[in-house]
Structures are given as structure tokens and as C-alpha cells.
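One structure is given below, encoded as C-alpha cells.
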Amino acid sequence: MANMAAALLLLFLAAPAVYAVEYTVGDSTGWTSGYDYTNWLSGKTFTVGDVLVFNYGGNHKVDEVSKSDYDNCASANALKTHNDGNTKINLTAPGTNYFLCPTAGHCVGGMKLAVTVTAAPSTTPGSSPAPSGSETPSAGTPPATTSPPPPSSAASISCNVVYSMMVVFISLVVLAIMG
């Protein structure tokens, strides 16, 4: 029994973990006028299960809109409107999500965000999802290989803390079983 518990513990420690990442839009600047959100998006890969956090003051809001409304900075037909100053939006499906600030002049000034979300990685051994926006290469064309950028340091710290807590919990369970 002790050998089985030790093997189980080793399996949990060696298994890779997949975590959702919480992204603070605009990092420490937050959701505000005069910030380059296109630049903020650069190098980030968003996956189903990730969370966007919008931090903003009273003269801003977050509207979720269609692509057409995003392109035209129109918010009259917003899909959802948020105004709590600390909005968390779960990315629940692959595709592109569009956000803008409906305050007059803010969207036109660049306060808008288009986030492309990819499917969560498959847990089936030997399979891997195609990158977002990729197409199957034609015969004779070698597939392009790219690797996603590492998560931000804040995301890495968060994942490490969660992983450490899981290891401690599992260790306690194993010790309780072993008596």
C-alpha cells in the first residue's frame, strides 16, 4: 500500500499541469485612455478558460460588442455592458471577442481590444491543437512551426503557487491514507 501511495504521489508531481491564466488588460496601467492595447496583445496567447481582468475608473466602462460595432466604435448594440471598475471576463469559447469603452471619443482614441481565443489544449496523448488561424498546409508545403511565448511572470507565479498547493494537498492525502 505504501509503495502504491508513493507511486501515486510521484505521478502527480511529474504530471504536467494545465492552468487558466488571468490577464490584467493593460497590465498595471489598466483599462484607460491613451494606452496601446494592440501592443499589449502582442506575444500573448489566449486560451479557453483564461480570464481577462479590466481595471478602470468611473469615466470608463467595458462593452462586449460584435466585430462590426468594434470596427465602427459603436456601442448602442452592446452584447454586454460592464461598469463595476473591476470586470472579470471568462473566455469560454474559441473565436474573437471584441471590447471597447463606450465613453465618447475613447474607442476612436484606441480604447478597444480584440482578443482571439484558441481552444484549450487536448489532454489526449499525442495530439496537439492547431494554432489559431492556421490552415492545413497543402501537399508539399511543410507546416510552419511556432511555439507560444512563455506566460507573463505574474501568470507563472500564480501557476507555481497553485501547483505547490496541489502538491501539499496530495501529500497530506497520501500521508492520511498511509496512516
Side-chain angles (χ1 to χ4, degrees), residues 17-123 128-138 141 143-163:
V18 177
Y19 300 105
V21 177
E22 193 170 272
Y23 292 94
T24 300
V25 175
D27 297 320
S28 61
T29 302
W31 183 239
T32 189
S33 302
Y35 187 83
D36 185 355
Y37 292 101
T38 303
N39 189 46
W40 178 79
L41 284 169
S42 179
K44 291 179 175 61
T45 302
F46 300 93
T47 307
V48 170
D50 288 348
V51 178
L52 294 179
V53 179
F54 290 83
N55 294 315
Y56 50 97
N59 59 338
H60 300 297
K61 294 180 184 175
V62 178
D63 278 0
E64 296 182 52
V65 296
S66 68
K67 179 175 181 0
S68 174
D69 285 348
Y70 174 85
D71 291 340
N72 295 301
C73 284
S75 62
N77 299 316
L79 306 171
K80 290 183 186 172
T81 296
H82 308 275
N83 60 5
D84 61 0
N86 183 26
T87 301
K88 292 186 177 187
I89 297 176
N90 294 314
L91 302 176
T92 59
T96 304
N97 297 280
Y98 301 95
F99 307 95
L100 57 81
C101 179
T103 302
H106 290 196
C107 177
V108 174
M111 201 170 168
K112 63 184 193 173
L113 183 69
V115 175
T116 301
V117 180
T118 60
S122 172
T123 57
S128 63
S132 175
S134 68
E135 297 179 19
T136 304
S138 60
T141 306
T145 56
T146 60
S147 58
S152 69
S153 59
S156 297
I157 291 169
S158 176
C159 289
N160 288 340
V161 169
V162 171
Y163 188 72

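Note that these values count all heavy atoms, side chains included, but never hydrogens, waters or copies made by symmetry.
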With the side chain counted from C-beta on, respond yes when [X] and [Y] share a heavy-atom pair under 4.5 Å apart, and no when they do not.
{"X": "Ile89", "Y": "His82", "answer": "yes"}
{"X": "Val21", "Y": "Thr47", "answer": "no"}
{"X": "Tyr98", "Y": "Lys112", "answer": "no"}
{"X": "Leu100", "Y": "Ser75", "answer": "yes"}

(request) Enter the distance from Lys44:NZ to Thr116:OG1 here, rounded to the nearest 0.5 Å. (result)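 Between atom NZ of Lys44 and atom OG1 of Thr116 there are 14.0 Å.
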
(request) Please state whether the sulfur gamma atoms of Cys101 and Cys107 sit closer than 2.5 Å to each other. (result)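 Cysteines Cys101 and Cys107 do not qualify as a disulfide pair, their SG atoms being 2.5 Å or more apart.
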
(request) Please state whether the rings of Trp40 and Tyr23 are parallel, tilted or perpendicular, taking 30° and 60° as the class boundaries. (result)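 Trp40 and Tyr23: perpendicular rings.
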
(request) Would you kindly say whether Ser42 and Asn39 are connected by a side-chain donor-acceptor distance under 3.5 Å? (result)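 No, no side-chain donor-acceptor contact under 3.5 Å.
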
(request) Please list, chain by chain and in numerical order, all residues satisfying side-chain hydrogen bond (donor to acceptor under 3.5 Å, both in side chains) with Asn90, sequence neighbours excluded. (result) none

(request) Could you walk me through whether Val117 and Asp50 pass the side chain to side chain contact (heavy atoms under 4.5 Å, CB included) test, one step at a time? (result) CA-CA 9 Å; Val117 180; Asp50 288 348; over 6 Å; no

(message) Under the side-chain contact (heavy atoms from CB on, under 4.5 Å) test against Tyr56, which residue among Val25, Thr32, Asp84 passes?
(response)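 The option that passes is Asp84.
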
(request) Step through it carefully: locate the ring centre of Phe54, locate the ring centre of Phe99, and say whether they are under 6.0 Å apart. (result)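 Yes, the ring of Phe54 comes within the 6.0 Å limit of the ring of Phe99, centre to centre.
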
(message) Go through it in stages, so that I can follow the logic: the residues are His60 and Ser33, the test is side chain to side chain contact (heavy atoms under 4.5 Å, CB included), and I'd like the CA-CA distance, side-chain angles, deciding distance and then a yes or no.
(response) CA-CA 9 Å; His60 300 297; Ser33 302; 3.3 Å; yes

